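Every heavy atom of this structure was used, including side-chain atoms; hydrogens, water molecules and symmetry mates were not. Here is the naming used below: chain letters follow the sequence lines, and residue numbers restart at 1 for every chain. A quick note: this is a predicted structure, and the numbers were derived from the prediction, not measured.
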Amino acid sequence: MRISVMSQMHRSFSIDLPSLIPLQLPSRRETHLWYVIPDEVKSTSLLKRYSQLLSPIEKDGVDQMRGDELKKNALLARTLVRTTIARYQTNKEVDPRSLMFKKNVYGKPEVDWQNCNNQPLHFNISHTDSLIACGVTVHVPVGIDVEDKERKIKHDVLAFAKRFYSADEVNVLATILDPEVQRKEFIKLWTLKEAYVKALGKGFSAAPFNTFTIQSMPGTEGAYNLCKTSEVTADPPEETKKCNGGWKFALFDLADSHYAAVCTEDDQANEGAPTKIIVRKTIPFVEDQLISERIFL
Amino acid sequence: MASLSTTSLSFKAPIQSTTTNISCDFKTSSSFQSISFGRFQSSKRIRLQISCAAKPETVQKVSDIVKEQLALSADTALTAESKFSALGADSLDTVEIVMALEEKFDISVEETDAQNITTIQEAADLIEDLTVGYISFSGSYDWMRQLTEAVPL
């Protein structure tokens, strides 16, 4: 479904922005994933309008980026977050400029709802040079990570994994003989692990990468499990693995060019129930395009 | 009070089996932040842990590694204050930079420190904090006492 309000844009010369089309909130078992392709946003007047949405701190953040491309992507990231969240306020029209943001005690960005308590909306963003994504959920924390499929790492994949990933993950990677397939699996694991740490929202020190394993669930495509390793003080010391629930993972292709990982906290009421991910591409104020709706076990 | 003007100490870092020589000039007390002495042994080797502000050479080496990791042009102007994120680094880049620094400087960075480095200065400081030196000297206990008395702790 394409919704175009381009004509409305051209008519308004004032700083008043056109209305944003409101959105239905995700249901409890859903994650909405929105993404922007920077190369598709070329209009300088549109970019100027976007910059009017930002807070002074956000504008500083954009200015600090070195180079035009990085500045543009930083601008688009903040624009995507503000416009997307503003659209979910279905009770009344919310000016995206009015949204306030804060960081939780560990540094994870959140909406500062000010006087409106019990707002159920959670969000998380991730971006690469060529894609900016924002995940939205209700009631449960969400973490997302996107990565260019073709991303090459400078180090040997196994050396990197041995240094940073868990032993079980290294074993899985070591059994892959084709270096290209191995690299791709490495990148997929990176996005999953990042998504988890971001969903957890407690910073990297709360969940060092080598203390947990993410493994694919056999017989599924794109569904993964989290196993946490902890050392039990026994004599001799043992390592125990806990692989039961708590977090749901989904990994899928995005825009043909990226891997996307989404991690949400498992709803205790419906633990283990499937989750749906709705993916939409957007250019804020211009158009939306539904890309896919997919269920992950 | 004995002064330590222009005393140059050279260190050998016993990390793995390679040695790295780093010299840290003691001119005034302001050139270092903390000094702590390990247990003195009669073998005349004492372990000193010294934090100094990162040397320009370290900052330069870190900059070179950052430029390579982020594929920046050689003439990109980087300063010690340059933020990785402002240069377009994401968390995977940061971790790769840390790995390259570990290889270059023969150090081992804690996982939590690895993720917390945000600027070139922070990386350089961490490198220098991690480089622990042994000082071997031929001398007597008196020399060591002079050293402790001269250094404000």
Subject >> Atom group of B/Ser85 that falls short of 4.5 Å from chain A, counting heavy atoms >> reply: backbone

**OP:** Determine whether more than 12 heavy atoms belonging to other residues, nucleotides or ligands lie under 6.0 Å from atom NZ of B/Lys61.
**Re:** no

Original post:
Does the pair A/Arg163/B/Glu102 count as a salt bridge with the N-to-O cut at 4.0 Å?
Top reply: yes

Original post:
Using a cut-off of under 4.5 Å for heavy-atom pairs, which of B/Thr76, B/Leu87, B/Leu72, B/Val95 has the most such pairs with chain A?
Top reply: B/Val95

Original post:
More than 12 heavy atoms of other residues, nucleotides or ligands under 6.0 Å from CG of A/Asp60: is that the case?
Top reply: yes

Original post:
Just wondering, are more than 12 heavy atoms of other shown residues or ligands nearer than 6.0 Å to NZ in B/Lys67?
Top reply: yes

Original post:
Would you say A/Glu40 has more than 12 foreign heavy atoms packed within less than 6.0 Å of its CD?
Top reply: yes

Subject >> Part of A/Leu70 within contact of chain B (heavy atom distance under 4.5 Å) >> reply: side chain

**OP:** For residues A/Gln64 and B/Ala86, report the shortest heavy-atom separation together with the two atoms involved.
**Re:** O-CB, 3.3 Å

Subject >> Crowding at NZ, A/Lys71 (>12 non-hydrogen neighbours, <6.0 Å) >> reply: yes

Subject >> Polar side-chain atom of A/Arg66 near backbone of B/Ala77 as donor-acceptor pair, under 3.5 Å >> reply: yes

Original post:
Where does A/Glu69 contact chain B at under 4.5 Å (heavy atoms): side chain, backbone, both or neither?
Top reply: neither

**OP:** Can you measure from CG (A/Asp145) to CG (B/Asp90) and round to the nearest 0.5 angstrom?
**Re:** 8.0 Å

Original post:
How long is the span from the NE2 atom in A/His155 to the CD atom in B/Glu103, to the nearest 0.5 Å?
Top reply: 4.0 Å

Original post:
Is there side-chain contact between A/Arg151 and B/Asp93, with at least one heavy-atom pair below 4.5 Å?
Top reply: yes

Subject >> Heavy atoms from other residues, nucleotides or ligands near NZ of A/Lys154 exceed 12 (cutoff 6.0 Å) >> reply: yes

Subject >> Atom pair CG (B/Leu92) and NZ (A/Lys193), whose distance is rounded to the nearest 0.5 Å >> reply: 13.0 Å

